[in-house]
Amino acid sequence: MKTDTKVLKLVKRPSAAERSAEAARTDDVESSKAQVDRLQEIPQPTTPRPKPRPAPLAKPAMQMQAQSQVETKLLLEMYRTMYLSRRMDDKEIQLKGQNKIFFQISGAGHEAVLVAAGVVLKPGYDWFYPYYRDRALCLQLGMTPYEQLLAAVGAEEDPNSHGRQMPSHWGNKKLNIVSQSSPTGTQLLQAVGSAEASYRVNLIRELKQRIKSFHDDEVTYVSLGDGTSSEGEFWEALNTACNLKLPVLFLLEDNGYAISVPVEVQTAGGDVSKLIENFPNLYLQRCDGTDPIESLQTMRRAAAYCRNRKGPAFVHAKVIRPYSHSLSDDERLYRPDEERVGDAERDPVKRFGAYLIDEGLIGQAELQQIKDEVDREVLEAADRALSKPQPAPATATDYVFSPDVDPTSKEFDTEAGAELSGNAGTMVDLINRCLQTEMARDPRIVVFGEDVADCSREENLGKVKGKGGVFKVTANLQRKFGGARVFNSPLAEANIVGRAIGMATRGLKPVVEIQFFDYIWPAMHQIRNELALLRWRSGNEWKAPVVIRVPVGGYLKGGAVYHSQSGVSTFTQIPGLRVIYPSNALDANGLLRTAIRCDDPVLFLEHKHLYRQAYNKSQYPPDDFMVPFGKAKVVREGTDLSIITYGALVQRSMVAARQAEQESISVEIIDLRSLAPYDWNAIAATVKKTNRVIVAHEDSLSFGYGAEIAARISADLFEYLDAPVRRVCALDTFVAYAPQLEDVILPQVADVAKAIAELRSY
């Protein structure tokens, strides 16, 4: 009988004649000797021993008899998907050995519990955040071998990513499989956000009428490997899921290794489920993930717990990894022979096939017929996928941003002739007003972060004034719109952004706050590798138009190292992320409204020093007032030289320009307002007009934002320059606590004035 898996086939090496006959019969399905070597052949023990019989599956008392016609059909379907998943791995390994695909990472050994999950959960109804071992789950949900092989060959038609991600990075819009990425564990918080969207829709009456893609008993599935449980975001995800009793089904596929690191090195005590036993509202189950029947029973209980809205479930499934981590890894370097032989004896595909025959559910000939059909299906899918073209080079920059909503367009420009009214308000006042009017207009908007609510214990709202953010920017929003739409988060920045991504994927519009720019770094994985990339990496299948509001900057007198940073260049170099930086109240109102109404992720930077300055106040604009992205503003006309700036340096440049005017130097000042994108046309116009340029900003000099502007001016407008481009920036150090040190570290009016004088006399 032809064996079920390549690994088990290698427990006893066949004779040369047997190998020749097998190769002749299944030339395109079985691997050649070169591919066999790549699979790291499991050796015989030094002491001769008979070929081991696979460890038998337990014979659990299923709620319905396995021999019943319906259940027998289900078990045979599960076997077929498990075998199909393994043959897909084998085929990709063969293609990689032939240099027809470019990467391979297998789901071998994980098939049983994943097929069980696919049986229990509902494609296109439930939501799925898998990881790279979840091939069998995706097949069971309805993804075809052809679609998976399109990803392997990098074809444009690949529904997972349209040729933009490695294979086994799953995504399928119609099945609700949300685009997966490579960073370990980043999917966990997004899954929590997806489930939380369902939770909040049930609390917000207007949303239930507006968004129809939610179901009262839907489940969000998310999987991880044992190594991922070492990530902080794993614990953050569990914390929020349990705290809000969200219907998240966590599946831990524990194969004992994170590449080469064994579980006892990763996890205290070597068993993460023992560490999470005391999480409240968490339904914890353990199972043999190589046993499809036990796995099916376990997954049914876990899914039912989530569907009944009792809270999250956590299934700890012990599986095996019979192949190396990927084809870039060789497990023989760190796993002894006897351990690998032991894994082979627990192979789920081999054991399940033996179980079906032993129980009389299928004959050996019929089982072989299933395998032959699968082999043909895989072969045909591979031939078809290999014929499909890769994406055209011209498509490389498609979908960095939304192709449908352009925040730089005239549609978002209502500046001209806007009628202002009321008493002048500060930047805080006008940002708050924008949030209020937009939340009233769009019930999809939710606002959350650290301390943004008025009072989390809503029964106390009548007794206290309310917090509303450390700078009071979100004051009274909770009172007006309720705790379902305005709420506090844990003190965990990745938690804020990751959950927001999951909510945005489901159609909500999160406007979140990171309390200080200095503390944004724990969320960097979520911002850089998830939020900004989701649309591009999925080929426009998925998006997450989140707005992240962030107080930023120095000039605080006492802000010191961890409350005064201005590292905007770290974010402006991220494709897919809009970066906005207003210098006054009116612009802040209009730009924030554009950020909320656009369809891209936006980092909205609010300078703390400018929050309540009298010089940048404004009366209130209409409720549809918008400033487009990428549109700079000439805040002072001049003829002798230009200053290109933004943020707190706008006012300092204005003061320096007035001083220079006393020396008969006419200075033009351009407020960029939008840093990504920036207004190149306005920059070019002012350079051509004055022929001398200063770029001034609060960020440090070396590798700062101004370096990009200065370099492009020098490259594209060199013939218009009468002097080198000059930069006025912070020192290449951090901001100190002592005011005397802060003054010398950050650029001051005197620094700008000196640069003006020197450039004019060049």
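Residue numbers count from 1 along this sequence.
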Is the shortest distance from a Lys or Arg side-chain nitrogen in [X] or [Y] to a carboxylate oxygen in the other one below 4.0 Å?
| X | Y | value |
| --- | --- | --- |
| Asp599 | Arg535 | yes |
| Glu458 | Arg479 | no |
| Glu698 | Arg652 | no |
| Asp442 | Arg444 | yes |
| Glu661 | Arg636 | yes |

>> Tell me whether the rings of Phe471 and Tyr611 are parallel (<30°), tilted (30 to 60°) or perpendicular (>60°).
In response: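 If you compare the ring of Phe471 with that of Tyr611, the planes turn out tilted.
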Can you check whether [X] reaches [Y] side chain to side chain, under 4.5 Å on heavy atoms?
| X | Y | result |
| --- | --- | --- |
| Ser700 | Leu731 | no |
| Asn529 | Thr186 | no |
| Val635 | Met654 | yes |

>> Are more than 12 heavy atoms, taken from residues, nucleotides or ligands other than Gln619, located less than 6.0 Å from that residue's CD atom?
In response: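 More than 12 within 6.0 Å, yes.
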> Counting heavy atoms not belonging to Lys754, are there more than 12 under 6.0 Å from its NZ?
Replying inline: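 Counting other residues, nucleotides and ligands, NZ of Lys754 stays at 12 neighbours or fewer.
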> Hey, are Glu233 and Gln526 close enough side-chain-wise for a donor-acceptor pair under 3.5 Å?
Replying inline: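 Per modelled atom types, Gln526 and Glu233 side chains form a pair under 3.5 Å.
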>> If you apply the rule salt bridge (Lys or Arg N to Asp or Glu O under 4.0 Å), what do you find for Arg593 with Glu438, and how did you get there?
In response: CA-CA 7 Å; Arg593 186 169 285 104; Glu438 288 301 291; 3.2 Å; yes
With a distance cut-off below 6.0 Å to the six-membered ring centre and an angular limit of 45° from the axis, does [X] pair with [Y] as a cation-pi contact?
| X | Y | answer |
| --- | --- | --- |
| Arg200 | Phe487 | yes |
| Arg673 | Tyr646 | no |
| Arg597 | Phe412 | no |
| Arg712 | Tyr678 | no |

>> Return the CG to CG distance between Asp404 and Asn540, rounded to the nearest 0.5 Å.
In response: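 Reported to 0.5 Å precision, the distance equals 6.5 Å.
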> For Asp413, what residues pass the side-chain hydrogen bond (donor to acceptor under 3.5 Å, both in side chains) criterion, not counting sequence neighbours?
Replying inline: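 Scan of Asp413 (side-chain hydrogen bond (donor to acceptor under 3.5 Å, both in side chains), adjacent residues dropped) gives Lys631.
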